[in-house]
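The block underneath contains the structure these notes are about, expressed in structure tokens.
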Amino acid sequence: MRQTDLQNDALPAPPCIMVIFGAAGDLAKRKLFPALYYLSMANQLPEQFAILGVSREDFNSETYRELMNTESRAHLDGDYSRDVWERLVQCCHYLQGDFRDSETYQALLKKLGELDEQCGTSGNYLFYMATPPAFFGDIAVQISGAGLADEQDGCWRRLVIEKPFGHDLQSARELNKTLLHEFEERQLYRIDHYLGKETVQNFFAFRFANGVIEPIWNRRYVDHVQITVAEPLGVENRASYYETAGALRDMIPNHLLAVLAIIAMEPPISFDADEIRDEQAKVLRAIQPLTPEEVLTHTVRGQYDSGVMPDGTHVPAYRQEPGVAADSQTETFVALRLMIDSWRWAGVPFYLRTGKRLPGRFTEVMVQYKHAPNAAFKRSILKGQPVEPNVMVLRIQPREGISLGINAKVPGQAMQLSPVEMDFSYDDYFGHGPSTGYETLIYDCMQGDPTLFKRADIIETAWQLMEPVLDVWRALPPRDFPNYTAGDWGPAAADELLQHDGRSWRACTAGACARKTTRG
Ligand code: BG6
């Protein structure tokens with residue numbers, strides 16, 4: 001049954017003002033405004049709603065609306081409703097100010113009071129930090145200093161903190177300390193847009209709403225798990241950030257470990273935010289920290305050289321990108337082998353890889369099952385090939401869906417086997433709705449549901465796991481960079497990481513079934 005007419009019947013969020021710090025920046029223009037527009041299209045924004053942009057740029061409410069019209073509207077996808085967009089733009093107001101100046105916050109206090117009067121927003125404020133991370137702590141202190149963190153007379157005040165949340169364990173701890181000095185934990189919403197992706201949220205449904213999955217989701221059946229986030233893009237115009245971050249900090253402690261935690265967590269006893277986050281925290285704590293020796297053998301870093309992408313485009317080396325040092329040692333690729341010390345996962349490696357300038361955009365989790373005891377199917381029947389193990393692939397993007405690789409008999413007189421795929425694709429069942437991944441997260445924050453946001457302990461545990469890697473990598477700078485060609489699947493060492501265990505990376509493909517055998 002195709003279910004394109006399924007409606008999401010979430011109610012509109014409660015009245016509020018969304019204050020966006022860094023309102024003229026890329027994130028606001030490319031993601032936040034389109035997300036608000038999609039929420040509005042779905043009738044999930046409150047009637048009594050206002051957006052207050054704050055930044056140092058010289059705008060007023062009128063010119064800020066023009067900016068949104070010229071620079072944000074272009075990022076909308078799907079059906080365009082002029083009415084909905086214009087209503088949203090009319091909700092926008094602007095305040096110019098320096099994030100570190102207390103006068104900005106006095107002006108903010110005044111402006112918010114006026115907007116409450118004008119729009120009926122009841123003193124509920126969602127503060128969104130879409131600024132460079134260096135401002136996060138200062139903004140929180142200033143908001144609180146102006147009395148804007150106090151929840152009086154039944155109103156709520158919430159703070160959304162973008163990534164990167166710190167650049168190592170110590171800085172993450174310091175930021176948490178600052179935030180928790182000014183706000184209660186329940187007011188803090190540390191965002192990871194991967195948790196806003198429908199397909200990632202579907203992992204909960206897939207694992208815990210299907211009686212058939214959980215019994216085979218453990219070390220008795222699973223051989224290993226691969227999590228891949230491959231991107232064809234290079235560093236684009238983000239060198240100043242990326243040079244100090246690198247692929248490890250940029251992707252692993254946040255997005256990839258968030259995915260791993262949902263894949264590997266124990267079933268929660270309820271869908272209460274803390275029940276879910278407790279289980280995620282537990283599984284992260286169960287990951288064995290790498291020893292310095294293991295960092296050498298269980299991690300791989302790479303940097304792209306110039307090359308030709310699959311579409312034929314010639315692209316420069318990372319070191320030739322604008323803003324990148326000619327001798328940069330920043331990694332643009334990372335692969336890791338992690339082990340989870342738990343009853344469920346003992347002995348099952350989790351291989352993680354992510355990189356820029358890889359051959360395509362593939363974000364997926366592959367769960368490879370153990371080989372069937374296939375004594376009955378002799379190699380001759382398989383034309384010399386061993387029987388393929390079953391493989392479950394959860395595709396986060398593109399072609400969002402889930403497939404299960406099974407072995408089938410090729411029609412004909414010979415007993416010949418071929419791997420085939422059972423494939424569920426979101427589009428087939430639910431159609432394709434435009435989304436930035438931020439809609440659910442903004443909506444949940446307005447509703448006061450922190451389930452998909454990170455708690456302080458989760459963030460710190462993730463950084464703790466990265467510490468040994470960062471330490472060893474710092475002590476031993478790479479000597480072979482650049483070590484992979486743009487358009488390839490990363491350095492050879494990434495393949496060797498799995499070959500050493502008698503395994504190999506899944507060949508990600510855009511098509512449904514990678515291998516087809518003709519009738520035999
Ligand atoms: C961001 C990283 O958090 O996630 C980027 O900073 C990366 O470097 C991006 O490209 C990937 O997100 P998505 O949603 O495109 O997979």
Side-chain angles (χ1 to χ4, degrees), residues 22 25-32 34-35 38 75 77 128-134 136 160-167 172 190-203 227-260 262 301-304 309 315 318 321 323-324 328 330-334 352-365 394-400 426 432-442 452-454 459 462-463 466 486 490 508 510:
D26 248 28
L27 179 67
K29 288 187 288 202
R30 295 161 64 124
K31 301 282 182 188
L32 302 184
Y38 301 139
H75 297 286
D77 216 355
Y128 198 114
M129 295 205 242
T131 63
F136 294 169
V160 177
I161 308 104
E162 260 295 338
K163 83 167 259 273
F165 196 99
H167 57 271
R190 301 173 189 82
I191 204 165
D192 179 334
H193 78 281
Y194 263 56
L195 294 174
K197 290 181 191 280
E198 276 296 335
T199 33
V200 174
Q201 291 168 46
N202 186 49
F203 291 173
I227 303 179
T228 298
V229 179
E231 296 184 274
L233 296 177
V235 67
E236 296 183 288
N237 55 354
R238 301 165 72 215
S240 65
Y241 154 72
Y242 203 83
E243 274 283 86
T244 58
L248 184 87
R249 285 186 171 94
D250 188 42
M251 301 294 287
I252 304 282
N254 32 67
H255 307 326
L256 275 88
L257 287 187
V259 170
L260 179 147
I262 304 179
R301 54 190 154 161
Q303 188 191 74
Y304 62 82
M309 299 302 289
V315 295
Y318 177 70
E321 303 268 18
V324 172
S328 172
T330 302
E331 80 283 355
T332 58
F333 176 96
V334 50
L352 278 52
R353 65 174 165 171
T354 181
K356 303 271 185 207
R357 289 289 188 226
L358 300 187
R361 186 170 196 234
F362 298 105
T363 305
E364 61 176 45
V365 177
L394 297 100
R395 297 186 304 270
I396 299 173
Q397 58 200 19
R399 273 206 344 104
E400 289 78 354
Y426 266 73
H432 179 75
S435 154
T436 62
Y438 280 80
E439 297 75 18
T440 308
L441 298 172
I442 294 173
L452 297 176
F453 293 83
K454 306 249 177 117
I459 298 254
W463 276 120
M466 297 300 108
C508 302

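As the structure is a prediction and not an experimental result, all values here were calculated from the model. Start at 1 and go down the list; that is how both ligands and their atoms are numbered.
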(request) Identify the two heavy atoms, one from Asn254 and one from Arg249, that lie closest to each other, and give their separation to 0.1 Å. (result)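 Minimum heavy-atom separation between Asn254 and Arg249: ND2-O, 3.2 Å.
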(request) Under 4.0 Å from a heavy atom of Lys163: give me the atoms of ligand 1 that qualify, with their elements. (result)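 Contacts of ligand 1 toward Lys163, numbered from 1: 1 (C), 2 (C), 3 (O), 6 (O).
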(request) Give the atoms of ligand 1, by number and element, whose distance to some non-hydrogen atom of Gln397 is under 4.0 Å. (result)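 Listed by number with element, the hits are 13 (P), 16 (O).
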Considering non-hydrogen atoms of the protein only, which is the closest contact for [atom], and what is the distance?
atom	answer
atom 9 (C) of ligand 1	Glu231 OE2, 4.1 Å
atom 14 (O) of ligand 1	Lys197 NZ, 2.6 Å
atom 12 (O) of ligand 1	His193 NE2, 3.2 Å
atom 8 (O) of ligand 1	Asp250 OD2, 2.6 Å

(request) Look at the rings of Tyr438 and His193 and say which category their plane angle falls in: under 30° parallel, 30 to 60° tilted, over 60° perpendicular. (result)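 Parallel.
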(request) May I ask you to check whether Ser328 and Glu243 show a side-chain donor-acceptor distance below 3.5 Å? (result)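 A donor-acceptor contact under 3.5 Å links the two side chains.
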(message) Heavy atom to atom 15 (O) of ligand 1, shortest distance: which of His255, Lys356, Arg361 holds it?
(response)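 Among His255, Lys356, Arg361, the closest heavy atom to atom 15 (O) of ligand 1 belongs to Arg361.
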(request) Indicate yes or no: at least one non-hydrogen side-chain atom of Arg395 is less than 4.5 angstrom from one of Thr199. (result)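 Arg395 does not reach Thr199 side chain to side chain.
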(request) Report yes if the side chains of Asp250 and Lys163 come closer than 4.5 Å at any heavy-atom pair, otherwise no. (result)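 They are in contact (side-chain heavy atoms under 4.5 Å apart), so the answer is yes.
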(request) Indicate, as side chain, backbone, both or neither, the part of Tyr194 found under 4.0 angstrom from ligand 1 when only non-hydrogen atoms are considered. (result)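 Answer for Tyr194: side chain.
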(request) Could you tell me whether Lys31 and Asp26 have a side-chain N and a carboxylate O separated by less than 4.0 Å? (result)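 Salt bridge absent between Lys31 and Asp26.
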